[in-house]
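Chain letters run A, B, ... following the sequence lines, proteins first and then strands; every chain starts at 1. No hydrogens, no waters, no symmetry mates; every other heavy atom, side chains included, goes into these values.
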2 protein chains.
Amino acid sequence: MNLNYRHLQYFWVVAKEGSVTRAAERLGVAVQTVSGQIGQLEKSLGRTLFAPQGRGLVLTEAGRIALGYADQIFLLGEQMTDALLDGAAEKPRLAVGISDALPKLVAYRLIDAALGLSMRPVCYEGKFENLLADLALHRLDVVLTDRPADLMSNLRVFSHSLGEWDIMIYGSGMLAGRFRAGFPQSLDGAPMLLPTRNNALRGRLDQWFQSNSIRPDVVGEFEDSALLMTFGRTGLGLFPAPVALAGDVAEHFNAESVGLVPGVQEHYYAISSERRIRHPGVEAILSVPRNLDSEAGDASDIMSNQLEKGGGSGGKG
Amino acid sequence: MNLNYRHLQYFWVVAKEGSVTRAAERLGVAVQTVSGQIGQLEKSLGRTLFAPQGRGLVLTEAGRIALGYADQIFLLGEQMTDALLDGAAEKPRLAVGISDALPKLVAYRLIDAALGLSMRPVCYEGKFENLLADLALHRLDVVLTDRPADLMSNLRVFSHSLGEWDIMIYGSGMLAGRFRAGFPQSLDGAPMLLPTRNNALRGRLDQWFQSNSIRPDVVGEFEDSALLMTFGRTGLGLFPAPVALAGDVAEHFNAESVGLVPGVQEHYYAISSERRIRHPGVEAILSVPRNLDSEAGDASDIMSNQLEKGGGSGGKG
DNA sequence: ATTTTTCCTTCGATAAAATCGAAGCATGAA
DNA sequence: TTCATGCTTCGATTTTATCGAAGGAAAAAT
């Protein structure tokens, strides 16, 4: 009994894309191929990884477990290829892990700062915990995310605030015009795309809605903020994003501002494995927010999730 | 450009076995298959992974890098298969990581204690750092090793001493008899197999040799202690091992005791991700040494490499 | 209620790959 | 030199992956 990594790779793409059809498209093969290979994987493991739901598929419990491993495995594979393919070139690399929930545009803005230093960014996405583990193992230089590292985690990493980014509600074309008048009360009943409930910003927005007696019609919830905005682009609903990205949001998602959400900020963090940043690329990233959105003053202090004075080792008796 | 994981797997086995021929044997395919597939991998990466040396092969620099990744990738694959294949059975699992330097017999003795609890041990080997990372991610319950977790590590883990194991010099057949008389001075000039210099026991032994003006003839150095003893079995030289294993050493390695090394002990450690052990299997392992070699008293205190009072987080301003 | 559309799956033929036998080529030992 | 060992190359063969065609089942549209 041996694991077939090609099957696993197909499984991984399907799980990521959420559909056999899209996975087949991305892989450049026919759907029935993908379907068949996954069937073989399930047979060899003796467990079903997907269960039919509607006309689509959802991961089973075993599937979720497998996805966790697959993420790690193929992240390593990519990293290996990166390290070997042009590792000879040895240009200064900046290995960045990007959390799903972080808007891609924010990530771009942050990493862009390092490009000026003729750094070659190598970006990976993945589950928050796995990215932190890679950080601890020095496979990544920094992780960009929307929440500080969990205090309960077993990894000793350091969270650096990238400041507070004011949040604005956007809408594509007609939507923006329709709800701009009478903001924010106009949002009552308005179609809205929001992050899923495990997201910090979602909590703050819900609170703000409640205190203003606004009950939006939540037409979609997304873990991946890029996906959220892509749906927003189609006019499915209004959506939140940082004020600082207004230009980019207009350009890429064809959306205009509806109104500023007062008192609600999104927090972004750069997580490093060292308290004291040494990598020039990471330093560049940390210096971004002060130039970007901080009319309100410098809000970039360092939060450590660990006591630094390590080594409470008791010798033996 | 896409990494072919089957090719990588062949590369991995060849690198581990040190020879295409043996790898082919282990994989159950013809040598020219293995050779061909590795050639394709090298072509797709644009780098040679093996260089000919004599009539064999050695890893190139790129090959060593690739091996590091491959180790991780296929360890994950194994773990995934383990987790899924009979995960349904959900017998209590005890996932143990075993450091290379730990004698397999010691590992066996320790894990054996958990078997009484009808635990199903799942053992992995690997580089120390990688095992610790797996521990921090809760993919392993405990790591058994010959040194405490590095204080400098970015992982928050706890090292529990498994006591001090007195060390004895062993030798197979004739060797033992030849050097037993006049021990320890007889060791001067004696052929000796020792751990590599990065090993803690090696340091202590060297010190003891020096203070007794003994200069053994070091005929071999090994990272893997099982390999060391296997060579010892052939009569290549004397070798050190814990006294407590005398019976096993005699049985498996056909070697008798030459003499006790006074004042030199080997330290073993169980590393866990929690300060307070909860897993009954891990508890069983921790209780072993007291029953095994401690006429000299109980020497099982807990060493933490971390201050426990976590959460030195500074809020934002 | 029915049709249509959208997905996923199954079946058998076809294309691609991995594999193996045979032969060749180096290196170190006899 | 000759032999033994270990890796590689070449072409035939087997195994595996892939795709066209057809079918079924759930949601959306009528």
Specify the separation, in whole Å, of atom [atom1] of [X] and atom [atom2] of [N].
X: A:E25; N: D:dC19; atom1: CD; atom2: P; answer: 13 Å
X: B:K43; N: D:dT9; atom1: NZ; atom2: P; answer: 11 Å
X: B:L27; N: D:dC7; atom1: CG; atom2: P; answer: 13 Å
X: A:Q32; N: D:dA22; atom1: CD; atom2: C1'; answer: 11 Å

For [X], is the [atom1] atom crowded, meaning more than 12 foreign heavy atoms sit under 6.0 Å from it?
X: A:F183; atom1: CZ; value: yes
X: A:Q40; atom1: CD; value: yes
X: A:Y108; atom1: OH; value: no

* Determine: side-chain N/O of A:N4 to OP1/OP2 of D:dA17, distance under 4.0 Å, yes or no. =>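 Looking at the OP1 and OP2 atoms of D:dA17, one of them is under 4.0 Å from a side-chain N or O of A:N4.
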* **B:R6 vs D:dT15: side-chain N/O to OP1/OP2 distance below 4.0 Å** =>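 The answer is no; no side-chain N or O of B:R6 sits under 4.0 Å from OP1 or OP2.
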* **Covered region of DNA chain C, 5' end to 3' end, by chain A [heavy atoms, under 4.0 Å]** =>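 So the contact region on DNA chain C extends C:dT5 to C:dT10.
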* Asked: Do the numbers put B:R6 on top of the ring of A:Y5, so that NZ or CZ is under 6.0 Å from the six-membered ring centre and no more than 45° off the axis?
  ->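 Output no; distance or angle outside limits.
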Does [X] reach a base, just sugar-phosphate, or nothing at all? Heavy atoms under 4.0 Å.
X: A:T33; answer: base
X: A:F50; answer: nothing
X: B:Q53; answer: nothing

* Of the nucleotides D:dT18, D:dC19, D:dA17, which has the atom closest to the A:Q40 side chain? ->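 The listed nucleotide nearest to A:Q40's side chain is D:dA17.
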* Side-chain donor-acceptor pair present, A:Y10, A:N4, cut-off under 3.5 Å ->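 No, no side-chain donor-acceptor contact under 3.5 Å.
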* Asked: On DNA chain D, nearest-nucleotide positions of B:T21 versus A:Y10: which is more 5'?
  ->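 Taking each residue's closest nucleotide, the earlier one in sequence belongs to B:T21.
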* Test item: B:D188 side-chain N/O and B:R215 main-chain N/O as donor-acceptor pair under 3.5 Å ->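 Between the backbone of B:R215 and the side chain of B:D188 there is a qualifying donor-acceptor contact (under 3.5 Å).
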* Are the side chain of B:R22 and the backbone N or O of B:V14 linked by a donor-acceptor pair below 3.5 Å? ->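 Pair absent, no side-chain N/O of B:R22 close to backbone of B:V14.
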